[in-house]
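Comments concern the structure below.
Note that the numbering runs from 1 along the sequence shown for the chain.
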Amino acid sequence: MKISFSRPRIAAISTTIPEKIISLQEQADVLYNGNLKQVARITKSIGLEFRHICDDLTTTLDLCFNSAREIIDKFKDIKIDGLICVTQTPDFLMPNNSHILHNLLDLDTECVCLDINQGCSGYVYGLFTAFMMIENGFNNILLCVGDTLSKVVSPTDSNTAPLFGDAGSATLITSGSSEKSYFSLHSDGKGWENLIIPNSAFRTNPNFTKANPNSKYLYMDGAEVFNFSISRETEAINEMLGFANIRMNSIDYLFFHQANAYIISNIARRVNIPLNKAPSDTTGKYGNASSASIPLAICDKASELSGKNSHIILSGFGVGLSWATAYLKLDSTSLILEPLILKKGDKNDKN
């Protein structure tokens, strides 16, 4: 699916990370039998070093609420007529996060609320949905995207435990763009079992999956996900360049889903973009923040993006399997906030 839009623009982006930090070195005994040389190799090659993770009481909704409140406080007179939440780790199966956030943010009853269950490509999928709504008559959409996958990884699984951090984001999308934006979205359900939490909903004993059917933890086939990421993302970026009729040297930044530095550097090399235009250092600072990794990477570059016109490509890839890419402009008035830290005890009492 390829589509372009003429009206929507990103007015603001805010992200929130939890205060608690875990280093890979701290986990050396549990994951690598105390082998610090192996830890050093992983840090150097894959870029994993620190992760921000939530305590037991903090949820994705808390992180997204903190980000959303920051934006609403800076746009006091704006009326939100659409609220979208994208997450794989909601507070409840029912009701959805968007309606709870609607209450916490005290939004108007005419505001449309909806949730999207999507992972690593979720930010671009959410933007696509918001842009589509703005193109068709909505005025102001608040997109909240985040995950707390640290809660669903086994603490002894060296394949996943060092990887996932937690984050929540909020993005304000309005009308009034001076340039077109372009989206390309793809799915391949044949790879659905390569990233899965097998015992997480209502299908019991799903013994046709590759994962342990009785496990409550996230399972990832690392080799399959790596091969998928490298091949599909190279195609996706080249496809976007052709669709938007642009050259790579006109791109200021290419923000990939922050899977790990090794994957991003491989994709960047294949599409011939300098590494300084394809940031990958946020995985070392915050961990792989799943659906929130792209807005977190953008906010981590707030000082370089604020007050400027920037042409950027966003591209997410992962669970589903799915991949989604967007080319758009952040204009000089777009408010890009540096990552916020949610400290213990800062959560809203109503939540």
Side-chain angles (χ1 to χ4, degrees), residues 1-15 64 67-68 70-72 74-86 98 101-102 105 107-116 118 121-145 169-186 236-237 239-247 250-255 291 294-295 298-299 305-316 324-337:
M1 163 65 74
K2 294 193 289 291
I3 191 167
S4 63
F5 302 103
S6 58
R7 294 184 68 231
R9 59 178 288 271
I10 291 177
I13 306 176
S14 174
T15 56
C64 288
S67 297
E70 185 75 5
I71 287 179
I72 287 177
K74 294 182 182 301
F75 292 81
K76 293 184 184 299
D77 297 327
I78 203 163
K79 181 181 178 182
I80 304 297
D81 47 9
L83 175 60
I84 304 169
C85 289
V86 181
S98 58
L101 277 173
H102 181 278
L105 297 169
L107 301 181
D108 193 275
T109 56
E110 292 186 357
C111 175
V112 173
C113 293
L114 62 97
D115 276 29
I116 299 173
Q118 187 59 276
S121 62
Y123 185 67
V124 181
Y125 266 82
L127 276 181
F128 164 75
T129 306
F131 274 48
M132 185 165 53
M133 292 168 74
I134 294 290
E135 192 81 357
N136 285 280
F138 284 73
N139 295 308
N140 303 295
I141 305 294
L142 189 61
L143 171 66
C144 294
V145 180
S169 70
T171 303
L172 178 62
I173 300 99
T174 65
S175 60
S177 177
S178 61
E179 294 185 20
K180 275 189 172 183
S181 53
Y182 299 82
F183 283 76
S184 173
L185 299 95
H186 297 274
I237 300 305
E239 177 187 54
M240 180 54 68
L241 295 175
F243 178 41
N245 193 26
I246 52 173
R247 295 181 180 275
S250 68
I251 303 299
D252 295 301
Y253 282 104
L254 204 165
F255 290 103
S291 62
I294 291 176
I298 294 172
C299 288
L305 293 167
S306 296
K308 301 176 183 177
N309 292 321
S310 300
H311 292 88
I312 63 175
I313 288 179
L314 314 176
S315 198
T325 305
Y327 166 72
L328 50 85
K329 176 185 176 183
L330 290 177
D331 62 45
S332 59
T333 64
S334 298
L335 180 64
I336 311 299
L337 299 170

Rounded distance (nearest 0.5 Å) linking atom OG of S175 with atom CZ of F5: 14.0 Å

Set of salt bridge (Lys or Arg N to Asp or Glu O under 4.0 Å) partners for K2, sequence neighbours left out: E239

Heavy-atom closest pair, residues L328 and S181: CB-CB, 3.9 Å

Closest approach of S178 to K329 (non-hydrogen atoms, all atoms of both residues): OG-NZ, 3.2 Å

Least distance between heavy atoms, S4 atom then F243 atom: N-CZ, 4.1 Å

Student check: side-chain heavy atoms of F128 and I3 closer than 4.5 Å: yes

Exam field: side chain D252 to backbone I312, donor-acceptor pair closer than 3.5 Å: no

Partners passing side chain to side chain donor-acceptor pair (under 3.5 Å) against S98 (at least two apart in sequence or in another chain): N96, D115

Sequence-distant partners of Y182, side chain to side chain donor-acceptor pair (under 3.5 Å), two or more places apart: none

Which residues share a side chain to side chain donor-acceptor pair (under 3.5 Å) with H102, sequence neighbours left out: none

Min side-chain heavy-atom separation I294-V145 under 4.5 Å: no

CG on L335 to NZ on K74, rounded to 0.5 Å: 6.5 Å

Qualifying residue, where the test is side chain to side chain contact (heavy atoms under 4.5 Å, CB included) with L143 and the options are L172, L127, L83, T129: L127

Donor-acceptor under 3.5 Å (N140 side chain, D81 main chain): no

Residue pair A68 / C144: nearest heavy atoms and the distance that separates them: CB-SG, 4.1 Å

Enclosure of N245 CG (heavy-atom neighbours >12, cutoff 6.0 Å): no

Nearest-0.5 Å distance that lies between atom CD1 in I84 and atom CG in L101: 12.5 Å

Smallest separation among heavy atoms of P295 and S169, with atom names: CG-OG, 3.5 Å

Exercise: identify the closest heavy-atom pair between S291 and V86: OG-O, 4.0 Å

Distance, nearest 0.5 Å, that separates CD of E70 from OG1 of T15: 10.0 Å

Listed partners of S6 passing side chain to side chain donor-acceptor pair (under 3.5 Å), at least two apart: E135

Within-4.5 Å side-chain heavy-atom neighbours: L105 and I80: no

Partners passing side-chain contact (heavy atoms from CB on, under 4.5 Å) against S177 (at least two apart in sequence or in another chain): R9

Side chain proximity check, I313 to T325, heavy atoms < 4.5 angstrom: yes

F131 and its ring-ring contact (aromatic ring centres under 6.0 Å, His included) partner, picked from F183, F138, Y125: F183

Nearest-0.5 Å distance that lies between atom CD1 in I78 and atom CD1 in I71: 9.5 Å

Rounded distance [0.5 Å steps], CD1 in I237 versus OG in S315: 4.0 Å

Working for side-chain contact (heavy atoms from CB on, under 4.5 Å), residues Y123 and I13: CA-CA 12 Å; Y123 185 67; I13 306 176; 3.8 Å; yes

